[in-house]
Amino acid sequence: MYNRTEIKDVLAGGHLDKEITVCGWVRAFRSNRFIALFDGSDFNTLQVVIDDDFGNEDVLKKIHFHACVKATGKLVESQGAGQKYELIANDIEVLGEANPDEYGLQPKAMTMEYLREKAHFRMRTSTFSAVFRIRHAIAYGIHKFYNDRGYYYMHSPIITGSDAEGAGEMFQVTTLNMGDMPKNEEGGVDYSKDFFAKHTNLTVSGQLQAEIGALALGKVYTFGPTFRAENSNTSRHLSEFWMIEPEVAFNDIYDNMDLAEEFCKYLINYVLDNYADDVAFLDQRIEKMERNMPKEKRRPMGLLDTLKFVVENDFERITYTQAINILRNSKPFKKGKFEFEPTWGSDMQAEHERFLVEKKFKKPVIVRDYPQSFKAFYMRENDADESVPGTTVAAMDVLFPGIGELIGGSQREERIDVLKRRVEAMGIDEEELWWYLELRKFGGAPHAGFGLGFERMVQFITGIQNIRDVIPFPRTPGSAHF
RNA sequence: GCUUCCUUAGCUCAGUUGGUUAGAGCAUCUGACUGUUAAUCAGAGGGUCCAAGGUUCAAGUCCUUGAGGAAGCGCCA
C-alpha cells in the first residue's frame, strides 16, 4: 500500500543512497530529531533522522512512544555511533497517534506483571517482541525437524469424547442450558440431548490418537493446544498450552530418549542460528536484572552460555532407582535439608529433581523406568528385575534446569493382555478405550512417544521466568483476559 | 487446593518507633539546547496510600475481613 521497505531488509544493506519508505512504531524519540523505529521484522531499530528542512511542528508533536509513523527519505551511512545506516526523512506522516497521557506503556522498565495487564500492547516492547519472534522460530523449527526426518504432522481432535486421556482435570464442552439441564432416569445430566449426544471435553493430550497415526503412518507428531482444568498456581503451568507429541512405531524407550535429546538440541540450535540478536538481547536483559541481586540468587550461567552448554553436552541418563539411591546418598538428604524423604515407590518431589539437575549433574537429566504405581496405564511394563524393589514401566521424564519436567513420555504397552490388566487395575472403563484396545488386537506394534510442553521450551530458550509471559494470551485459574 | 509475601503519583519504588503539609527517579507539559543512543539543563502539573471495618488523642504505618497480584508446594507438560 505504501510500497514500504521492511526494516530487516533496510538493515541487511543494498538500499544505500536510495529513496525508501519505512513504516513502524516509535521506540524512542530523541532531541526532537532522532526516531528509533521498529516494525517487527527485526530485533534492531532503524534510526530515522528528521531532515533540517522538515518544518512541520504539528507532526513532530505527535511523534510519541509507540506512535505509528511512515517516513520517506534517503538511506545514508550513519554519522553517529550505534548504527550503520540511517534514514534522512524529508517526509513524515503519523499514521497512528499514541497520546502518552492515556497510553499505558512508557519508554522505561516496566514489570512483567504490569505488562501482562497490557497484553494488547506488550508485544511492542523489546522483550516481548524478542520472545514472540523466538516462539515463532521454535514452532517453525518443530515442523522443520520432523518434516526433515520423514514424520507426518497429524491433527488430533481438540474436542474429545474420551474421558480417559489420563492427564488431569478436563474442561467440559456443552451447548446445554446450564440453568436447565435435561435429566436422565438416574437424575444425572442426560448427555444424549447434548450437541454431540454424549459427554465431551477439551483434550488434555493428543497422544492416544497419535498412536493411531503411528500404527499407520509410522512416524507422526501432533502440535496443538491442550487444556487442563487443574487448579495449578505456579510459574510453569497454564490452563491452555501447546504440546508437541511425536509417536513412533518400532521405537523403544531408548530410541525415544535419543529422539527427545536430539529434538531439544535441534530447537535450541535453530534459535541460536537464526535469532541470535533476540537471544543476545534477552541474555543481556537477564544479566542487567541480576546484577543487583545477591550471588546465590543469580543464575549460575548466563542465558546464552546455558543454551550452548545444553547443546554441546550429552544429557545425563539414569533410572528412577539410581536416582533414588543418589538422593539418599546425597549431602542434602544426610543433613536433613530435604522437606520430603526420597523413597522408592513415591514420585520424586520438585526439590529432588532440582537437586539432580542443578546440583548433582548440572545439565538436563533423563530419568527412566519409574515405578508402575504412580504412572499412567498405557506405559509399558518392564520385565521383573531382582535389583529393583518393585514393578517398573518404560517411562521417561526429561528434566531441565529452572523449569523441571520439559518432557514426559514412554514406550507404550502393546501387549493387549497386559494393557487390559492395567486398565482394570486403575479403574478405567474398558468401553471408553475400545478403539485404543483394538489397536493392539489388530496389527499392533511396539511404539513409543512423548509430550513436550511448548511453552516450557520457549521459557527455557528465552530465559523468561513466568510461563504466562511466553504465550500471547495466558489462561490460568481465575484469569482469561483478552 | 495449601503456605508465605506484596498492593503508596501514569510507571518503578522510598517512607524510620504510629506523630506536622506523603517523597524520589523516570514519564508528561512549558522553556532552553540541537548528531542523539537511558540525551542534557531549568521549571510546572500530577495522590481515594487497593477496599471496607476496627484500635488510637493521632494510622500509609497496628488488627480483622475482602479484592487483585507474585513466589513456593502439590498436580503435570
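Throughout, a chain's letter reflects where its sequence line sits, starting with A, and its residues are numbered from 1.
Nucleic acid contact class of A:L105 (heavy atoms, under 4.0 Å, all strands): none. Using a 4.0 Å heavy-atom criterion, one finds that A:F450 contacts no nucleic acid atom at all. Among the heavy atoms of the strands lying under 4.0 Å from A:L238 is at least one base atom, whether or not backbone atoms are also near.
Following rounding to the nearest Å, A:E240 (CD) and B:rC76 (C1') show an atom-to-atom distance of 17 Å. Rounded to whole Å, atom P of B:rU12 lies 7 Å from atom NZ of A:K108. Rounded to whole Å, atom P of B:rC29 lies 11 Å from atom CG of A:N32. Distance CG (A:D101) to P (B:rU30): 10 Å, rounded to an integer number of Å.
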Please enumerate all protein N or O atoms sitting under 3.5 Å from an N or O of nucleotides 35-44 of chain B, with distances to 0.1 Å.
residue : atom : partner : partner atom : Å
B:rG35  : N7   : A:R33   : NH1          : 3.3
B:rG35  : O6   : A:Q79   : NE2          : 2.7
B:rG35  : N1   : A:E86   : OE2          : 2.8
B:rG35  : N2   : A:G80   : N            : 3.3
B:rG35  : N2   : A:E86   : OE1          : 2.5
B:rG35  : N2   : A:E86   : OE2          : 3.0
B:rU36  : O2   : A:R30   : NE           : 3.0
B:rU36  : N3   : A:Q47   : OE1          : 2.9
B:rU36  : N3   : A:Q47   : NE2          : 3.1
B:rU36  : O4   : A:Q47   : NE2          : 2.5
B:rU36  : O4   : A:Q83   : NE2          : 3.3
B:rU37  : O4'  : A:R30   : NE           : 3.1
B:rU37  : O2   : A:Q83   : OE1          : 3.3
B:rU37  : N3   : A:A81   : O            : 2.7
B:rU37  : N3   : A:Q83   : OE1          : 3.3
B:rU37  : N3   : A:Q83   : NE2          : 3.4
B:rU37  : O4   : A:A81   : N            : 2.9
B:rU37  : O4   : A:A81   : O            : 2.4
B:rU37  : O4   : A:Q83   : NE2          : 3.3
B:rA39  : OP2  : A:R30   : NH1          : 3.1

Discussion item. Across nucleotides 66-75 of chain B, 5' to 3', mark each nucleotide with B, S or - according to how protein heavy atoms within less than 4.0 Å reach it.
Written reply: ---SSSBBBB
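The six-membered or imidazole ring of A:H66 lies away from that of A:F121, with a centre-to-centre distance of 6.0 Å or more.
The heavy-atom pair separating A:H481 from A:S479 by the smallest distance is CD2-OG, 3.5 Å.
By the side-chain contact (heavy atoms from CB on, under 4.5 Å) test, A:D53 is found to be paired with A:D51, residues two or more places apart in sequence or in another chain being considered.
Nearest to the side-chain atoms of A:R228 among the listed nucleotides B:rC11, B:rA77, B:rU12 stands B:rA77.
Under 4.0 Å is where a charged nitrogen must lie from a carboxylate oxygen, and between A:K8 and A:D39 no such pair does. With salt bridges taken as basic N to acidic carboxylate O contacts below 4.0 Å, none links A:K288 and A:D283.
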Worksheet item: Given the rule in the side chain to side chain donor-acceptor pair (under 3.5 Å) test, do A:S410 and A:R380 qualify, once you have shown the distances and angles that lead to the verdict?
Response: CA-CA 7 Å; A:S410 68; A:R380 193 178 193 278; over 6 Å; no
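Screening A:T306, A:L303, A:L267 for a side chain to side chain contact (heavy atoms under 4.5 Å, CB included) involving A:F460 leaves a single residue, A:T306.
Between A:H447 and A:E211, the side chains place a donor N or O and an acceptor N or O closer than 3.5 Å (distance only, hydrogens not considered).
A:Y436 has its side chain within reach of A:L419: a pair of non-hydrogen atoms, C-beta onward, lies under 4.5 Å apart.
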